[in-house]
Number of protein chains: 2
Amino acid sequence: MARPKEYDRETVLSEAMNVFWATGYFGTNMNQLIKATRLNPGSLYGAFGSKDALFFAALDHYGKMSIESVQSMLYCHDSPVESIRAWIRMVASEVTDKDNHGCFLVNTAIELSGRSHEIQERVNTYLEEIGRMLATRLEDARGVGEISNDKDPEAVASFILCTIWGLRVLGETSPSEAKVVAISNQLIALLGK
Amino acid sequence: MARPKEYDRETVLSEAMNVFWATGYFGTNMNQLIKATRLNPGSLYGAFGSKDALFFAALDHYGKMSIESVQSMLYCHDSPVESIRAWIRMVASEVTDKDNHGCFLVNTAIELSGRSHEIQERVNTYLEEIGRMLATRLEDARGVGEISNDKDPEAVASFILCTIWGLRVLGETSPSEAKVVAISNQLIALLGK
DNA sequence: GACATTATTGAATATATAGTCAATAATTAT
DNA sequence: ATAATTATTGACTATATATTCAATAATGTC
């Protein structure tokens, strides 16, 4: 009954997301997005409405992927603590990777939180969800005696998450692997035994 | 022998720095800088040459102020550990302050490290200097027996600095004071006894 | 095959933005 | 005073950027 779309919305979103992730909202212009998505302006605007809306959709896409990815790491072993360790090591390996652009949520928090309440709230939603997931897994760890009972899962989760954000910042400084390993080992050591 | 400047370079730099600090390089336009500095385009360009150069000068200004400020905190008590604690508490209080824009070095690392090697190197220079200052103070702490001999000052300094950067990110999320306090207390606890 | 509907194309547009410049003004030296 | 030098002013410019739109194309329905 009408001409069908030639593009796949998820694919386009993913391509736009990669550009925004690498260069931020203000550091990205529509020409880059038009090239990356291989859509013409009309199609891109037809699909998303504006640069703002496209950014928002890309951020959402990243947030959802991020939640899934963290969830899969947090349950990659039967042992909660072993899973958390694996997640931290995964982040550490991303941080040493020159081609990685850190965490899009963290980047966006820094670029746009002070300017857009709507963006800030969305970023917070995802970051808090990750915090809750980690806290839940730390409760599991306490339940099976992998961490001591005097540790507050919520507080420890906040601390670990905070240090992971610090690692994301560190990733922008071309850090030596030794430094990244030293930091992540200290973080892992907090978990115990 | 010539018309004297009506502005004070340091003052202008400080005003420009505040704008870039709050809204980043790409999030700031020349009109904002012209308003904030109360210089006309000609004067501003006469003084700094370009938006790029002005940003670089503002970043440098921040870096130098930052070094001085951290140095003064690290030696605000005779006790090295007590001084480090005071610094962490200072950062924590900035993080809970709604009007604070985090650390300009951290913000710039995230916005521009992937785009300009020159900027990345300058940011790294300042961040590394702060790391060395902290490591030196941790050596002092070890010397006077405030921290145990099996702790590596350099590694611990990296870890503390990393978590402070994470606190800067946290500051963009309108965090509860309770969360900031919980995290900074855990960080402080690492130093202790 | 004509029609209705939606997608695609890419040139065009309005605005924002970084940067320039000629005229003018303030100072010091002679 | 006059000249030499540098600072200030703010209108102007060239370019970049987000966005629009009229023409065209592809589908399903009658």
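On a predicted model such as this, the values are computed, not experimentally measured, just so you know. Below, chains carry the letters A, B, ... as their sequence lines are ordered, and counting in each starts from 1.
Under the salt bridge (Lys or Arg N to Asp or Glu O under 4.0 Å) criterion, A:Glu6 pairs with A:Arg3, sequence neighbours left out. By the ring pair (Phe, Tyr, Trp, His ring centres under 6.0 Å) test, B:Tyr45 is found to be paired with no residue, residues two or more places apart in sequence or in another chain being considered. Qualifying salt bridge (Lys or Arg N to Asp or Glu O under 4.0 Å) partners for B:Asp60, counting only residues two or more places apart in sequence or in other chains: B:Lys64, B:Arg122. Qualifying side-chain contact (heavy atoms from CB on, under 4.5 Å) partners for A:Glu10, counting only residues two or more places apart in sequence or in other chains: A:Asp8, A:His61. Residues forming a salt bridge (Lys or Arg N to Asp or Glu O under 4.0 Å) with A:Arg38 (at least two apart in sequence, or on another chain): A:Glu15.
Applying the salt bridge (Lys or Arg N to Asp or Glu O under 4.0 Å) rule to pairs touching residues 95-110 of chain B yields nothing, sequence neighbours excluded.
What separates CG of A:Leu39 from C1' of C:dG10 is a distance of 13 Å, to the nearest Å. Between the CG atom of B:Leu44 and the P atom of C:dA18 there is a distance of 11 Å, rounded to whole Å.
For the contact set between residues 4-12 of chain B and DNA chain C, defined by any heavy atom under 4.0 Å, the members are B:Pro4.
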Pairs of donor and acceptor atoms involving the side chains of residues 153-168 of chain A, under 3.5 Å and at least two apart or interchain, shall be tabulated with distances.
| from | atom 1 | to | atom 2 | distance (Å) |
| --- | --- | --- | --- | --- |
| A:Ser158 | OG | A:Glu154 | O | 3.1 |
| A:Thr163 | OG1 | A:Phe159 | O | 3.1 |
| A:Thr163 | OG1 | B:Thr163 | OG1 | 3.1 |
| A:Arg168 | NH1 | A:Glu94 | OE1 | 2.9 |
| A:Arg168 | NH2 | A:Glu94 | OE1 | 3.1 |

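Using a cutoff of 4.0 Å between basic side-chain nitrogens and carboxylate oxygens, A:Arg85 and A:Glu82 are scored as salt-bridged.
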Within the 4.0 Å limit for protein heavy atoms, which parts of nucleotides 16-25 of chain D are touched? Write it as a string from 5' to 3', B for base, S for sugar-phosphate only, - for none. -SSBBB---B

